[in-house]
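Here the structure is laid out as structure tokens; the discussion comes afterwards.
Residue numbers begin at 1 in each chain, while the letters A, B, ... track the order of the sequences.
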Protein chains: 2
Amino acid sequence: MSVKLNGALEDRGAWRAENCSIAMTMEVIGTRSSMLILREALYGTTRFDDFVRRTKGTDAIVSARLKQLTDIGLCEKRPYQEEGKRRRYEYVLTPKGADLMPAVFALMQWGNRYLQSDDGGPLRLVKRGTDIPVVIGPHTESDAQLGIDDLEIAANGNWIEQGHV
Amino acid sequence: MSVKLNGALEDRGAWRAENCSIAMTMEVIGTRSSMLILREALYGTTRFDDFVRRTKGTDAIVSARLKQLTDIGLCEKRPYQEEGKRRRYEYVLTPKGADLMPAVFALMQWGNRYLQSDDGGPLRLVKRGTDIPVVIGPHTESDAQLGIDDLEIAANGNWIEQGHV
DNA sequence: TGCCTGACTTGCGTTTGTAGTAGTTAGAGC
DNA sequence: GCTCTAACTACTACAAACGCAAGTCAGGCA
């Protein structure tokens, strides 16, 4: 149930996990609210009040998190203007932010499998334009890789019937 | 920069992400200390004081987290006894816990890419017995999947020279 | 019997995340 | 100039995570 450690790492007592990328990443986006905003961004949400409603957060939390995420460079604040409306800002994922997709969906995948009472949870990931399930996991670079544009979110039947997805 | 939403989900304003697996998963293991303990478990650590030293946590935190993780069923408390020592307990990952591997390593992968100052971070994931890099990402089930036993952690050259990995 | 060590547990203080409510600002429409 | 709304900011309160220190407990050993 554990990964092999090679070469110089084999003697686990002899080294420390300094500069651990996992720890560093958790410090940056290791909160529920960050993850949910990231989720929404991956689902295509860009506007402030949509983030608020869809993550069921409060103005204060969403404001703080969006600022934090833009500071770090996970999303970008862009002006836009609908006609007859004043200029607003929208938040769009940068490539850096979009690269968190595997992490976010890996959490979803695990939750679907282990935390949903009945079936596999409300949403599932499929290959775009098909019904072929997509899994998040390790593979070699030579294997076919799917990008964000190759993915599609589908609703699980019984959830959509219950009307709340 | 966002995933396609299909069918009934297309109108993003018309549905709420209820019972979100991402949120549920974050509530269960969404802390730095949980992730680090999970990391250590994936690296093969099983004993209490090793968790403490290797995650640089405190007794209190590690104790609380290990209890929480065993309660949830991510790891199992098993008695063992070295000769001449008294009976102790070790904590080993269950399949449920090991299934978080993609999430944990996806965080590592992102941190390696974006948070490490110089190179790609101290540790990298390769295919076991080779030097072929492994990436965590979406793929279809028909693609070759790698399990925990197919993976190996290797040290990045310059980090090991600096002696602290 | 008393000491020692590994494996915890408890208590306390600080920080961070979360939640609710209220107040502010920019600019289009009237 | 006034109103209205999206997009914030500020304030308060509570809970959880974290860090430190001290205390407990079991059992092997001198």
Review point. Would you call B/E18 and A/K56 a salt bridge, taking side-chain N to carboxylate O under 4.0 Å as the test?
Key: yes
Review point. Going by an N to O cut-off under 4.0 Å, is there a salt bridge joining B/D49 and B/R53?
Key: yes
Review point. Just checking, any donor-acceptor pair under 3.5 angstrom between side chains of B/N112 and A/S21?
Key: yes
Point to revise | Shared hydrophobic cluster, A/L151 / B/V135 (ILVMFWY, side-chain heavy atoms < 4.5 Å) | key: no
Please check if the side chain of [X] supplies one atom and the backbone of [Y] the other of a donor-acceptor pair under 3.5 Å.
X: A/T25; Y: B/L107; result: yes
X: B/T70; Y: B/L66; result: yes
X: B/Q109; Y: B/L125; result: no

**Study point:** Nucleic acid contacts of residues 44-66 of chain B, taken as heavy-atom distances under 4.0 Å to DNA chain D
**Key:** B/T58, B/A60, B/I61, B/R65
Tell me whether the OP1 or OP2 atom of [N] has a side-chain N or O from [X] closer than 4.0 Å.
X: B/T31; N: D/dA16; value: no
X: A/K67; N: D/dA7; value: no
X: A/Y80; N: D/dA7; value: yes

**Study point:** Nearest-Å distance for atom pair CZ/C1', residues B/R32 and D/dA16
**Key:** 16 Å
**Study point:** Interatomic distance, A/Y89 OH vs D/dC8 P [rounded to whole Å]
**Key:** 9 Å
Point to revise | Along DNA chain C, first and last positions that approach a heavy atom of chain B under 4.0 Å | key: C/dG6 to C/dT10
Exercise for review: Describe the nucleic acid contact of B/R87 in one word from base, sugar-phosphate, nothing, applying a heavy-atom distance below 4.0 Å.
Suggested key: nothing
Practice item. If the plane angle is over 60° it's perpendicular, under 30° parallel, otherwise tilted; pick one for A/F51 and A/Y91. Key: perpendicular
